[in-house]
Every structure is written in C-alpha cells, then in structure tokens.
Amino acid sequence: MTEPQILWYEQPAQEAITEGLPLGNGHLGLLVLGDPAHERLVLNESTLFDGGPYSPANPASRDSLGKVRELIFQGDFRLAAMVAESTMMGQPKKQLPYQPLGDLYLDFPRHENYSQYRRELNLETAIASTCYVAFGVEFTRELFVSYADKVLVARFACSTPGALSCVLRLSSEQRGLYDWQDDAERAYGVERLVMRGRNREKRGIEGALRFEFAADLRLEGGRALPGEDSLSVRSATSLVLVGAAATNYRRYNDLSQDPRAVVEERLARAATLTYEELRARHVDEYAALYGRFHIDLGTVTTQALKPTDQRIVEFQRGQDPALCALYVQYARYLTLACSRPSSQPSNLQGIWNDKRRPPWGGKYTININTEMNYWPAHPGNLAECTEPLFALVEDLAETGSLTAKVQYGARGFVVHHNTDLWRATAPVDGVEWGLWPTGGAWLCLHLWEHYQFTRSLPHLERAYPLLKGAAEFFVDSLVIDPKSHFLVTCPSISPENQHPHGSAVCAGPAMDMAILRDLFSATIEAAKILNRDPAFCDVLAEKRAMLAPYRVGKAGQLMEWQDDWDLEAPEPHHRHVSHLFGLHPSCQISPHKTPELAAAAKKTLELRGDFATGWSLAWKVNFWARLGDAERAYQLLCLLLHPERSYTNLFDAHPPFQIDGNFGGAAGILEMLIQSEPGRIHLLPALPRAWPKGTVRGVRARGAISVDFAWESAHITSASFRSSVDQEVWLVLHSSNPVKLSFTAGEVVALERSDIGCNQGVQSPP
Ligand code: FUC
C-alpha cells in the first residue's frame, strides 16, 4: 500500500519560512501558517525584486585583463586579485534582491481555544488545509494556487451556519505608487481587497516595478463591513477569497505590462467559475503532471502515518523509507509550485520569501544553486517545468553579450556566478566569489540535458544559438597556460574556494575545464544534428583537445586546480566540491568508463568530509551514488533528513533556508535508483539496505526513455521501457553484465522476472 503523499501537523506554524506550508503556481507563491485565531498568508510574486533595469558591465576590465592574466601566470595571485577587484567587478558590485509582496492576515475572534487541530499539505492535489474545532463548531480552511486559472483560492468554512466571523487585513513593506506614499496602498471594499504599490531603490538602481494584488470575496451568508484599515466579515457560513497578483515586468528590459489589467482579467475570468470549478480545474491541471511519476520505497513500520515533524525527528532510527519517497515527491511538488512556463525560474528560496533582505538576496546563484534546483525535473518527469530556466538563458545571452564585449572584448556571451531579475551578468560580490566566467556555460548544459531527456528537435533549434554563443565566448577568451601549454580560463576561480596562495583567483580550475569539455561536445553534437556550422565545430574540436585535462594529485585526489594545491588549501572541508563536476552532474567520470579518475574523485570526497550545508550534502549524495556506494550515499541522505537540516515543512536548512538542498537531495535519491547516460541505463546502481523493496514508475532516462521498475530483496523483479525514438541501449542490472535492448519508438519493452539477466542474451558493451 502506498502511503498518502501528505505533509501534516498537529499544531499551527509559528515561523513562515521553516514551518509554513508552501503553495504556488510559478508566478504566485503563498505560505500558509494555519493558526486558528490569526491566520497569516505570506504573498509572493516571482517578478518582484528591488530596482529596475541596469547594466553592470565594467569597461575598466578590458584594459586590466592582460595585466591580471600576467600576474596569475607569474603566480602573484594576491596582486592579481587586487587588480581584478578594482577593475573587473560589476557596477554596482552587488545584485538586487527578491522581495516579498506582503501578507494577508485573517483574525478570528474567539478561536484561541481550539481542539482536534490538523493542518496538511496534500502533494497529490496541491491543496493545503486546516481544520479544528472551536466553541463546538468545526472550522475548515482549504487553499490552493491554481496554474490553470492563475489565481490563489482560499476557502474558510464552518459546520454551523453563520458561525464564521473574521477581520481581514493586508500589509506590505513595499512603498506606495506615489512619492508621497510611504506605504503600499490598501483598499477594502465589500467584495474586494486591493493592495498596490512600487518596489524600492537598491544600490543606486531606482525602483521601476509597480505591483497589484487584489482578492475578490465570496460570502455565503453574513455580511462584509469594510473599514479604513481592514474588512470585517460577520456571521458568515463560508468565505472564499480569489486573489491575483502581477507586476509591470515582462522581461528584463521591458516593463510595459499593466499589472492592474492583468489582475482584473484574471479575477474576471475566475469570477465566472464556482469554488468547486476552480478547485477541479486546479486539481486536474496539477495532478496530470504530478501523477506521471510514482515512487514507493516501502513502508516497513507505521512511521509513515505519523505527523511529518515527528517523522523528521525520528528518521534517524531507520524505520521510515517512505520519508525518502516523500522527499522526492515533495521536490517534484515544489518544482511545480515554483517553476512553470512563463514564470521566473525558481530562485534560492524557490518563490517563497517574507523578508526585505532575504539571505543572499534570494536571487540566482549559478555556481551550483540554480542548476541544482533543476536536477530532479527531468528524471522526475517534469520537463516542462524547466522552461523558465531556458527563458532565463535566452535573456542572459543578450545581457551577457554586452559583458563579454565590454569586459573581455569577446564574442558570444558570459555570465558569472550570479544573476537577478534584471539579468545582470558581470562579476559581483568580490573576486573571491564573482570572478568565475563559466556560469552561463553551465546553464547552457541544461539546454543540452533537455534534449537528451526529450530528443525534441524544436528544442534543439532553440538551444543551438545559445550553446554556440556560450562556446564562442570561450573560443575568444581561453588562453594558453605558459607552463602547461594547455588552454585555460583566466582569470577564474574554483567556486568560492581559496587556494593556498592568498586568493581564489587562478587559471583553469578543474571545474571550468570539465564544463567546457561538455559545452564544446554538446555544441558540436547539436550542430551536427542540425547540420550547422561545420567550420566552427572544427575550431571547437581543436580547442576541446587543448583544454587542460583532469589530473590526479599527490594524495591520489582529483586536482581542483592546475597545481597540486588541494592539501594545502586553507579550507580542506570547503562546501563547494566543484572539481567533481565531471562525476556529477556530468558523465565524464564514472567507475565503468574512467576507473582511475573515479578513484581519485572518491579520494577527494574522503578528504572533503561529509559535513556541510544542505546543498553540499545533497551534491555529495549524488556523487556517492555515481560512485556506486549505496550506504555512503544513504548516510549522507540521513544527514540531510536530520532535524538540523530539514525544517518541519521539509524545507532544506542553509540557515535560514535555501531550496536547492531539497532538489539536490531528491535528485540524489533518484541517482541511487537509476542512472542514465546516452545509450546506457543502470537500474539500482546504489541501492541501500534500507530500501530492499520498491517500485518506481514514470522515471525518465536520457535518450527520451520512460522507465518503470520494481525490486524485491534488492533484486529487480520487473522493468519496462518506452523510448520516444528508435535506438539501442545497454541496460545494466545490479552489477551483472550489460544487456543490449532494442527500442522502437513508442513501443513498450517489458522484462519480467524470468527475463531478468537473460533477455536477448548477455553481451558485452563496445
Ligand atoms: C554560494 C554558496 C553559499 C550559498 C550561496 C547562495 O555562494 O557558497 O553557501 O549557497 O551560494
């Protein structure tokens, strides 16, 4: 029996971010706290950031570039860092933060004393609900944010007609539409609440966004009494709120949307639908995507029936495999809630933020975090949720071409380690973090991954100019390392990690080289499929062959830099493990293809140690899974599902909160169950003892293949595959020899218990 896919609690949330239940449709985010007497709904709109359009490229960079490179190759890293710090950083030197829209408070007099309380989030319907009994009346709340109708819907009801009374109040830390209005404007009518305002200036960039939030009231019985600062509802039987929000943001350089018109239009459309219709349309749309994938890792005990906060506390006892399955489904739920076609991509907090100054600005850190947010989307059968990431890359290709030209005199486009709503691409924060030119290249690899998982030619047509633009920048900006004569990026850093010579600034860190090997290969392959640019591909192939290769250092580790500095670096347990990019997410290193490099990667992981922040732990789960070490991967997963690193709402702690660990951890669980690379699928590559029995259906593999499989006593009992294209694929089951499977587009190939291990004869791969 599969346990209900529910997060549930016996008490209200106190803290929004760590305990509130998140709802969203990519555009509109909501955190529900569920307090009977004082409900708080935190409102977010994905395009509400500080500031306005700006272009941070620093022209002084171009003149100093030669000097910085020279200093790096002479080994004067400190001076190189100083020169780069004063000439190459973006203007302004920091980017602009994501903003909360505001809060909707509902106070319910006399609801302080309650019993039979329960609040939950149902992942199968994307509906949050709260119920309790106060003064003998049963109260229920049901909330969802509909992608189908682009509105939030909240229903408050009671079992005794006329027993529902409350006071509604809006609040926002944003400013009003006019200079004389310090606060956002709020208006309360009998049938509608409205809040409108403007964002604020930050780092010298004027606020240029206007926003509008409005909610229609539908009362069953009772009366609405509007006041100056609030709206009272008296003696109703139910209250339904239907809300919409928008800003004037269309694109980073186009603020021509009319937020009021968008909100009016959404509310007018929703007004033609009953609550039940809105609910049914929401559930139909959502469940069609969510329901494509199923995972059951077994129940074992009744742990799965306990409240979620208790399960997290007790998980370390090892009796709750279903919590790991829930963690995967929660990541899929969160993907659907914070990244949908035409929304912004999920940011460091997904879409949920209640602070004017969120940690790290709640923006897009692309030296690991944004990419990690999208790791489970493809295997988790949610390819369409990656659309906002591709739209982001399209924007960055425009803004990044200015940075490439102005700062490096190069063609193509470059993006450094961070970006924001305004698609800023220059190095920011300081050279130790920002002087890393490979962020855009990594994002482009997601375009290639999308092709691998879908084999969609229209997608490849769209992706190719972006891959080419990213590659072009490096054709123009790679330099020969005078010592090794290999091609390297310079200046760069191995994300955020200092080497022993007083800086992070260096030439050719292993991560850059690995990203560029993949970028050049993907661009060449895409060009071949589309029959484009043969001469450019020859150049790429030539440059690829000259990139500095992976090297193994004196401790047997995979070297992070061109020099064997790993053992002397000041932070040996640094959270970033960038140089293992080739092991994961890339497929360059694997125990079966490159056993020496895989052994070196393992040594690196040993040296780095296990303990780290949420996303770093999550990445390590993926690494150990790729190395085939099931128990180690599981141990790390246990650290992630520990109350210190998973809040009661299962959000990943990177104190306070960063959503990447949720996605990275879920991707890690999937990597333990199935790994794929073009032409090869491995089932149960790292199955821990804790999951002896299970089922996965609808998981996607590279090669555009959908896979269902089940196992018992750690052995596959059935497996079936449906490929979208004709192809042959090597299937690895357990550690036995690979089996070659022939797929015809659209046809199911099913292996039953009797077939396993002897289907079509065991052959050896080429
Ligand atoms: C990188 C990480 C930090 C944090 C930030 C958002 O800079 O090193 O840990 O995740 O991104």
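Along the sequence shown, the residues carry numbers beginning at 1. Everything numeric in this text was worked out from a predicted model, so none of it was measured. As the structure lists them, so they are numbered: ligands from 1, and atoms in each ligand from 1.
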Pick one of side chain, backbone, both or neither for how [X] approaches ligand 1, counting any non-hydrogen atom pair under 4.0 Å.
| X | answer |
| --- | --- |
| Leu348 | side chain |
| His417 | neither |
| Asn369 | side chain |
| Trp433 | neither |

Closest protein heavy atom to [atom], given as residue, atom name and distance to 0.1 Å:
| atom | value |
| --- | --- |
| atom 7 (O) of ligand 1 | Glu496 OE2, 2.4 Å |
| atom 3 (C) of ligand 1 | Arg575 NE, 3.7 Å |
| atom 2 (C) of ligand 1 | His576 NE2, 3.4 Å |

[X], any N or O under 3.5 Å of ligand 1 N or O:
| X | result |
| --- | --- |
| Gln658 | yes |
| Asn367 | no |
| Trp615 | yes |

Pair [X] + [Y]: ring centers closer than 6.0 Å:
| X | Y | answer |
| --- | --- | --- |
| Tyr647 | Trp352 | no |
| His576 | Trp615 | yes |
| Trp619 | Phe581 | no |

Asp564/Arg551 ion pair, N-O < 4.0 Å =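 Looking at Asp564 and Arg551, the cut-off is not met.
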
inquiry  = Check Arg78 with Glu85, please: is the shortest side-chain N to carboxylate O separation under 4.0 Å?
reply    =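 So Glu85 does not pair with Arg78 through a salt bridge.
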
task = Over 60° means perpendicular and under 30° means parallel, so classify the ring planes of Trp422 and Tyr249, tilted if in between.
result =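 It falls in the perpendicular class, over 60°.
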
query = Is the side chain of Arg645 donor-acceptor paired with the backbone N or O of Asp652 at a distance under 3.5 Å, no angle test?
reply = no

